[in-house]
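FYI, side chains are in, hydrogens and waters are out, and symmetry mates aren't considered; it's all heavy atoms of this structure. Treat the numbers as computed from the prediction; the structure is a model and nothing was measured. Both ligands and their constituent atoms are indexed starting at 1 by order of listing.
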Amino acid sequence: MQRIYFDHNATTVVLPEVRESVLSVMSQAYNPSSVHYEGRQAKLLVEDARRSVAKLFCIDLRDRKHEVVFTSSATEANNMVFASTKNMMVITAETEHSSVLRAAAMQNGKVKLVSVDESGIINLSELEHILSTAESPCLISIMAANNETGVVQPLEEIVAVAKKYNATLHTDAVQVPGKLQLDLSDFDFISCSGHKCGGLAGVGALIYNSKMKLLPLFYGGGQEKNLRAGTENIAGIAAFGKAFEWNILNSGARQQRLLILRNLLEKEIRALNGNAKIFGSSAKDRLCNTSMIMMPGISAQKQLILFDIEGFAVSAGSACSSGKVASSQVLKAMGVSEAEAACAIRVSLSHTNTEAEIIRFVEVWNKIATMK
Ligand code: PLP
């Protein structure tokens, strides 16, 4: 049976263009700290990748306003932000990824949560109220787009409020590349990851305002200007740069296509079952590839197994490391009942998916929904 992969917010296939460059990097002994020719070549690869990663978010490193440090993951990048801002109060939301919520709690400790409405958008007046009454400097950490629902936060308004109260701004932009074009040059910290748009897992980056004092999480060699000790994952970094470069050049038309596929999927499911729900669909902006779909009365756990048997890889919101289907914090924060949240699965598409795959998925969805 041909497998159909609809779980691209969890991870993506390495792009063919990226695979080639990874293979060529892997056939060399590359350590950017070495002074010989091979070392210098490795350094060039890293610097190229740094420029591409920043460029995807409309940041030109030649301006010297931002810098990029490569890490092992976006999770590490998020941890670095909170470890470096211990003098600040963190304002974040319950709909954030666990690598923000848990890192903020463990690394910084002073955390205030702003609520979200039923579409998953943060309450801006509540954010402003917290900022206006804060007794210490504040760090606002709000993700650009949600990994479970695809809901895009009102970033321009958040930037305006941050500027008004002189707050530091962080965004977890992991789900942006390939799905949204955003200028994030007003942000002080941006976390991103290599494996959500055609690169490799095990590499991430933190883009940071050069005025910020960033602290390392590890001590050792002086790699990455003393900010990230440990020999660089050169294949991962080169792949990261190539994947971002590819997405800068190719995303526009593909996003239009993704939107058509996603809208077809949602229209067909709504037509089949008037009680099905698409969580986050009332938000003004949502990622073009993501649908969080509630099938009345059938648990996500059961759906995942049945879809898997039928050849589809989908997930129940955020994949929990234990492989278990845990109830979604994101949906809970949006006011969705336990019972409905337990029946929601996430479909996340890529430009490689087809209309025929959507039609087949809808057929299987109907089969599961009407099972006796
Ligand atoms: N933030 C968001 C929104 C994510 O979706 C993910 C991964 O699913 C991460 C952070 C963690 O990224 P990484 O796998 O690079 O640690």
Asks: List every atom of ligand 1 that sits less than 4.0 Å from any heavy atom of Ser99, numbering the atoms from 1 in the order shown and giving each element.
Replies: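 Counting from 1, the qualifying ligand atoms are 10 (C).
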Asks: Measuring from atom CD of Glu338 to atom SG of Cys343, what distance do you get when rounded to the nearest 0.5 angstrom?
Replies: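 Glu338 atom CD to Cys343 atom SG measures 11.0 Å (nearest 0.5 Å).
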Asks: Are Glu245 and Lys242 close enough for a salt bridge, meaning some N to O gap below 4.0 Å?
Replies: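 No salt bridge links Glu245 with Lys242.
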Asks: How far is atom 6 (C) of ligand 1 from its nearest protein heavy atom, and which residue and atom name does that atom have?
Replies: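 Checked against all protein heavy atoms, atom 6 (C) of ligand 1 sits closest to His97 NE2, 3.4 Å.
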Asks: Any chance the side chains of Gln175 and Asn147 put a donor and an acceptor closer than 3.5 Å?
Replies: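 The criterion, which ignores hydrogens and geometry beyond distance, is not satisfied for Asn147 and Gln175.
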Asks: Distance to 0.1 Å, residue and atom name: give those for the protein heavy atom nearest to atom 14 (O) of ligand 1.
Replies: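 Result for atom 14 (O) of ligand 1: His195 NE2, 2.9 Å.
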Asks: Report the nearest protein non-hydrogen atom to atom 11 (C) of ligand 1: residue, atom name, distance rounded to 0.1 Å.
Replies: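 Ranking protein heavy atoms by distance from atom 11 (C) of ligand 1, first comes Thr75 OG1, 3.5 Å.
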Asks: Could you verify whether a donor N or O on one side chain and an acceptor N or O on the other, from Arg270 and Ser281, lie under 3.5 Å apart?
Replies: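 Yes - a donor-acceptor pair under 3.5 Å links their side chains.
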Asks: For atom 1 (N) of ligand 1, which protein heavy atom lies nearest, and how many Å away is it?
Replies: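 Going by distance alone, atom 1 (N) of ligand 1 is nearest to Asp172 OD2, 2.6 Å.
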Asks: Which of the numbered atoms in ligand 1 are below 4.0 angstrom from a heavy atom of Ser193?
Replies: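 Going through ligand 1 atom by atom, the ones under 4.0 Å from Ser193 are 13 (P), 15 (O).
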Asks: Could an N or O of ligand 1 be found under 3.5 Å from any N or O of Gln175, whether backbone or side chain?
Replies: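 Yes.
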Asks: Please verify whether a non-hydrogen atom of Glu76 lies at under 4.0 Å from ligand 1.
Replies: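 So Glu76 does not count as touching ligand 1.
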Asks: Hydrogens and angles aside, do Ser136 and Asn87 bring a side-chain donor and acceptor to less than 3.5 Å of each other?
Replies: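 The criterion, which ignores hydrogens and geometry beyond distance, is not satisfied for Asn87 and Ser136.
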Asks: Does a side chain donor of either His195 or Thr11 reach within less than 3.5 Å of an acceptor in the other side chain?
Replies: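 Yes, because at least one side-chain N or O of His195 sits under 3.5 Å from a partner of the opposite role on Thr11.
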Asks: Under 3.5 Å between any N/O of Met143 and any N/O of ligand 1: does that happen in this structure?
Replies: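 There is no such contact.
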Asks: Are the charged groups of Lys211 and Asp188 less than 4.0 angstrom apart, N to O?
Replies: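 No, no charged N to carboxylate O under 4.0 Å.
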Asks: Does ligand 1 have an atom that lies less than 4.0 angstrom from a heavy atom of Lys196?
Replies: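 Yes, Lys196 has a heavy atom closer than 4.0 Å to ligand 1.
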Asks: Nearest protein heavy-atom contact for atom 12 (O) of ligand 1: which residue, which atom, what distance?
Replies: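 The closest heavy atom on the protein side is Ala74 CB, 3.5 Å.
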Asks: Please tell me if the side chains of Asn78 and His170 come closer than 4.5 Å, counting only heavy atoms from C-beta onward.
Replies: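 Yes, at least one pair of side-chain atoms sits under 4.5 Å.
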